[in-house]
Amino acid sequence: MQLNNKYIDYDFRTAPQRYYRGSIMPRNAVELCAELPAYEDVVPPIPSNRWKEIVEHIEATKSGIEWLISRIFNQAQEGSCVGNAITQMMEMLQAKQFGKGLVTLLSAISMYQLIGRSPSSGAVVSHGLDKLREVGIVPLDTPENRQRFGGAVMPHTGFYTKRPAGAAEVAANFKADEFYVIRTYEGLVTAGLVGDGAVVGRAGHSIKYLRPTFQGAKLLYTYVNSWRESWGFAMAGFKGGFGADSEKLIRQSARWAFAVRSTVTPSWI
Amino acid sequence: VTNQRASLYLAAVAFLLFAFSGEGGVLTPAGPRQIVVLHETAEVTPAQSQMFVALRSGANADYLASKGHKLLILDDDAKGVDGNPAPLVAKLNAESVPPPSLFVLSGERVVFKGALPATAEDVLNVVKGAGG
């Protein structure tokens, strides 16, 4: 990892126009998620005096979840960041559960279509979790996926793309199984240390939080963005695509975060 | 007569390789394995999470791929698309090994079952000992 100060505490609101955001923050976040299980009730927060030691071990052994990433996403000129962050998370979960060779690449726009009103409307993180539980994500349009799923595939971008016949049945293979809402800073850090990370929304943008790291004594939380590999610093063999937040922004993100710990197991696995 | 002896000798060697390549001398031919880690996600520790990633990347992943092995890391109550327990997980839960656990299968047959070792290297050693 090559931390670059330009991409630490990056203010998405001041990004060049070619980068699109789209994470909407309703006022009643706590109420929206009130009925969902809390991460902190299931995974006891790790005491802060152990954080650095765990991070050092992760980095010494190259065993952070960034190594589960198959590709850096490009949401292009659509406000589909919530769909992109969730889809990235689902591809990483597949890599963990089934192996990188068995990852089915997924269509971020198929998720965003379910939660956005227009290409630029943006969407609410919690709505994305709802649809991930209820509907799932359609596979990406690739030769490999066409061989397996026929026409039930979709591109990565293109809000007005018509959902193909059979999309619902295929997407059901890519639903969340076990999921939790993260409610605290400590819970969010713990999620990174135990390899869950989280989907978060902050400053009108949604990203996939990976894990904590340290810059000297300062804790940072690394994330993977969906603004192409040309944005951000290098990590896990990718030339770019990554940023990091310090405590103030991590605390903002902790207001809008969830972790999915497992996906459903498709019949072909 | 010489040919007959040679054939018998080769058959005996093949049998011994076949018989003792698996866990505890069980008849298990070396070959591709399905390796399954079952865990309770609520109890996953940072060390286990690091082990899972270590099995998925670098030399460990290369070894598994080179042998044609398939490694699944699943919750012990993982569900299938229909919302019911995933069939493979249900089958392995019936083996009554408390999670976190490790199973090595040759085809449909469980050739190793036991507690999940502490490191990725130890997991691979178990797999190799079970003919993988």
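Note that the structure is a prediction, hence the values are computed from the model and not measured. Residue numbers start from 1 in every chain, and the chains themselves are labelled A, B, ... in the order their sequence lines are given, proteins ahead of strands.
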Between chain A and chain B, which N or O donor and acceptor atoms come closer than 3.5 Å?
{"residue": "A:H57", "atom": "ND1", "partner": "B:Q50", "partner atom": "OE1", "Å": "2.4"}
{"residue": "A:A95", "atom": "O", "partner": "B:R56", "partner atom": "NE", "Å": "3.1"}
{"residue": "A:K96", "atom": "O", "partner": "B:R56", "partner atom": "NE", "Å": "2.9"}
{"residue": "A:K96", "atom": "O", "partner": "B:R56", "partner atom": "NH2", "Å": "3.1"}
{"residue": "A:Q97", "atom": "O", "partner": "B:R56", "partner atom": "NH2", "Å": "2.9"}
{"residue": "A:Q97", "atom": "O", "partner": "B:I73", "partner atom": "N", "Å": "2.8"}
{"residue": "A:D177", "atom": "OD2", "partner": "B:K79", "partner atom": "N", "Å": "3.1"}
{"residue": "A:E178", "atom": "OE1", "partner": "B:T41", "partner atom": "OG1", "Å": "2.6"}
{"residue": "A:E178", "atom": "OE2", "partner": "B:T41", "partner atom": "OG1", "Å": "2.8"}
{"residue": "A:V194", "atom": "O", "partner": "B:S49", "partner atom": "OG", "Å": "3.2"}
{"residue": "A:R261", "atom": "NH1", "partner": "B:T41", "partner atom": "O", "Å": "2.6"}
{"residue": "A:R261", "atom": "NH2", "partner": "B:T41", "partner atom": "O", "Å": "3.1"}
{"residue": "A:T265", "atom": "N", "partner": "B:K79", "partner atom": "O", "Å": "2.8"}

Inset, instruction - Using non-hydrogen atoms and a 4.5 Å limit, figure out which bit of B:A86 sits close to chain A: side chain, backbone, both or neither. - result: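 Just its side chain gets close to chain A.
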
Inset, instruction - Of all the heavy-atom pairs spanning A:I46 and B:P46, show the shortest one and how long it is. - result: CD1-CG, 3.6 Å

Legend entry - A:L68 portion near chain B, given a 4.5 angstrom heavy-atom threshold: side chain

Inset, instruction - Would you mind checking which part of A:I269 comes under 4.5 Å of any heavy atom in chain B, side chain (CB onward), backbone (N, CA, C, O), both or neither? - result: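 Both parts, backbone and side chain.
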
Legend entry - Qualifying residues under side chain to side chain donor-acceptor pair (under 3.5 Å), relative to A:Y223, sequence neighbours excluded: none

Inset, instruction - State which residues pass side chain to side chain donor-acceptor pair (under 3.5 Å) with A:N225; sequence neighbours excluded, sorted by chain then number. - result: A:H205

Inset, instruction - List for me each residue that meets salt bridge (Lys or Arg N to Asp or Glu O under 4.0 Å) alongside A:R163, sequence neighbours excluded, and say none if there are none. - result: none

Inset, instruction - Go through A:G101, A:G99, A:G136 and name the one with the most non-hydrogen pairs under 4.5 angstrom from chain B. - result: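 Between A:G101, A:G99, A:G136, the count favours A:G99.
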
Inset, instruction - Count the heavy-atom pairs under 4.5 Å between each of A:V42, A:I58, A:V43 and chain B, then report the option with the highest count. - result: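 With the most close heavy-atom pairs to chain B, the winner is A:I58.
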
Inset, instruction - For residues A:F98 and B:L74, determine if any side-chain heavy atom of one lies less than 4.5 Å from a side-chain heavy atom of the other. - result: yes

Legend entry - Atom pair CG/CD1 of A:L93 and B:I73 - distance to nearest 0.5 Å: 11.5 Å

